[in-house]
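Data first, discussion second: the structure below is written as structure tokens.
Bear in mind that the values here come from a model prediction, so they are computed numbers and not experimental data. So that the names make sense, note that chain A is the first sequence line, chain B the second, and so on, each numbered from 1.
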Amino acid sequence: MISNKIYVGTDVGSSRTKVAILDPDKNLIGYSIKKSGTDFYARAEECLESSLKAARASREDIIKVISTGYGRKNVAYADGSRTEIGCHAKGCFLYFPEPITIVDIGGQDNKIIKLDAKGLRTGFKMNRKCAAGTGAFLEEMAARLDVPLEDMNDLASRSTDMIKLGSFCTVFSATEVLENIRNGKNITDIVKGVFYSIIKRIIEMDSLTEKVIMTGGVIANNPYLVKMAEELIAGKIFIPEHPQLTGAIGAALYAMENDK
Amino acid sequence: MAEEKKIVIRRLETAKDLGKFMAKYYYELDEASKTGKEKIAWCTSVGPAEILRGLGFLTYFPETHSAMLGTTRMATDLIPVANALGYSPEICSYLTADIGAFIEGVTPLAKVFKGIESVPKPDVLVYNTNQCRDVQDWFLWYGNKFNVPVVGVESYRNVPEVTEGHVTGIVKQLENLIEPLEKVAGRKFDMDEFKNAVKLSRECSDLWEKCLAAAASKPSPLTFFDGTTLMGPAVVGRGTQKALDVYHLLLDELNDRVEKGLGALEEEQYRIYWDGMPVWGRLSMHSKLFAGLKANVIASTYCSSWIFSALDENDPFGSMARAYTELFIVRADKFKEDYIKNKLDFFGIDGVVYHDARTCPNNTNCRYGLSQRLQEQTDIPFVTIDGDLNDLRCLSDEQTKTNIEAFIEQLEERK
Ligand code: SF4
């Protein structure tokens with residue numbers, strides 16, 4: 001490492017904790033992703049340690065830390081916090097500096113954030129009231145279908161005759177899935193139906209104007225979702241190199257900004 | 001971690017006077033209920049209170065009681081009681097909480113006012129469906145329980161312009177109320193008393209409007225969260241001299257603050273408009289949340305709902321019909337859009353918060369594209385929070401917090 005100044009962003013999400021370390025030139029030089037579990041403080045510590053190791057840096061090199069995500073107030077070493085909306089926006093704008101619509105699929109919620117040419121937010125929405133269209137929905141459906149979560153992407157991509165799930169609600173969707181299992185439908189087709197339902201729920205949240213960027217853990221682990229979304233909106237969707245890290249990277253950028 | 005700064009919200013001295021007014025009001029009703037010396041009419045919050053005064057009724061407003069069920073956070077446990085009777089969790093949670101409380105035999109009045117054990121018994125229930133259909137269903141349930149008459153006005157809804165046609169129709173309905181109400185009152189309708197009530201209501205409305213307008217000063221001497229409780233006398237006391245007296249005190253204090261440049265918050269960097277109902281069980285939490293972000297929610301559609309500028313003692317029936325049909329809640333979206341736009345301009349607003357209240361579509365104005373249209377016209381950003389007036393099962397505090405914080409961050413970036 002040439003400079004020993006580093007900026008840290010810690011994103012404690014409902015499902016995963018992510019830490020990103022940036023050098024002063026905004027290069028990602030270390031990161032870590034772990035299950036958030038129930039001890040947010042401990043997880044944030046562990047993630048910091050392993051990302052420091054990856055960056056071959058030490059705590060003394062840290063100029064500033066900004067935390068974000070559901071557990072943003074549970075990061076003992078943070079100097080301040082910002083919401084995940086702001087951090088996702090900043091993280092995405094670093095890689096796509098133009099007017100964009102960001103679609104983030106998180107563990108517990110989805111976000112749609114719109115930015116203008118300067119990277120300023122013109123509006124944002126978080127999903128409402130229920131788990132439809134989130135990572136939690138995908139996990140619930142994987143459990144219903146008794147397939148490992150990591151196999152869902154492959155299963156969906158092998159479908160030849162997708163089943164459509166019509167309902168808004170996770171509980172109703174689960175019933176629909178059970179009905180399809182009972183009727184002997186192909187599991188690949190049901191999984192594709194689950195993917196389709198996720199995409200639909202998100203697209204219903206807001207109009208996807210400008211260039212569309214997708215982020216979040218669900219996207220990182222299920223690239224087939226992006227392909228389906230592209231078909232549905234009949235347009236290209238862009239993915240940053242580390243779609244699960246945009247919040248943490250944005251937080252690190254805030255750390256850098258506040259330092260200047 | 002960064003130190004959290006102490007939040008300073010300056011309380012209004014006259015809030016105590018308004019509190020005393022409310023106490024007297026409830027004791028008077030309780031006395032009448034216990035002794036039967038005076039007749040009691042239950043009335044909807046924007047119902048024909050002035051006519052009731054012309055017949056000597058004491059008036060009780062169940063919606064205010066429901067709001068108390070909300071602020072005391074009793075509502076969430078009582079709503080399911082009404083749900084079990086077939087009143088859906090999706091309908092007005094004022095109605096469900098209030099009926100639930102009645103069935104369970106509990107009331108926040110008993111907690112707040114020593115000696116009061118129950119809500120006052122009605123001799124008659126009088127509604128106006130100008131605000132919603134729920135009030136009619138609600139009152140009919142009680143009419144049945146107490147075996148007393150239920151009368152009312154079935155109003156127009158989604159009115160673009162109030163025309164003579166609307167007014168004539170409502171006047172007729174108002175006049176038709178007199179005869180059945182005289183029977184209950186056991187006396188004749190007194191035109192002078194009625195005219196006087198219309199006059200006092202108008203004065204009360206003008207004063208309340210002035211109090212709310214004081215928030216246009218920078219910094220604002222008032223917050224929306226104050227307003228939601230300060231408006232009590234405008235709801236329950238309109239048409240009485242006592243309500244005027246307390247609002248004179250309030251206006252003096254607000255003007256005094258304006259003169260001294262004293263804001264309700266120590267720091268007011270962002271001026272916010274709130275559209276929709278308050279989340280009664282979260283008033284204090286929300287007030288601190290905004291104040292902690294140096295954002296003052298200074299004006300709202302809701303608190304302005306008790307402004308009846310058309311009232312005129314020289315045309316009491318006609319002006320009542322007009323005033324109660326001109327209300328925001330009765331109007332079509334184009335009117336609502338222009339109305340809010342004027343408020344945003346008048347109060348110098350930086351951002352708008354829309355509360356999408358699950359169980360009250362009538363006070364929720366962001367479901368038909370209005371928020372987007374207004375943002376396009378004014379370039380003032382907005383955020384929507386999902387919640388409810390009374391049913392705390394319909395909201396996530398964490399989501400609200402993140403939404404509001406993110407919204408203020410957005411405003412900060414724009415400054
Ligand atoms: S306007 Fe809304 S809150 Fe008020 S009584 Fe009607 S439904 Fe209930």
Checking K125(A) against chain B: side chain, backbone, both or neither under 4.5 Å from a heavy atom?
side chain
One should read off an interatomic distance between I239(A) CD1 and F96(A) CZ, to the nearest 0.5 angstrom, of 7.5 Å
Chain A contact via F382(B) - side chain, backbone, both or neither, heavy atoms under 4.5 Å
neither
Heavy-atom distance under 4.5 Å to chain A: side chain of T402(B), backbone, both or neither?
both
Output the distance between atom CH2 (W138(B)) and atom OH (Y87(B)), rounded to the nearest 0.5 Å.
12.0 Å
Check the side chains of T384(B) and D356(B) for a donor-acceptor pair under 3.5 angstrom, ignoring hydrogens and angles.
no
Any chance you could lay out the side chain to side chain contact (heavy atoms under 4.5 Å, CB included) test for D275(B) and V353(B), step after step, and finish with the verdict?
CA-CA 6 Å; D275(B) 182 80; V353(B) 175; over 6 Å; no
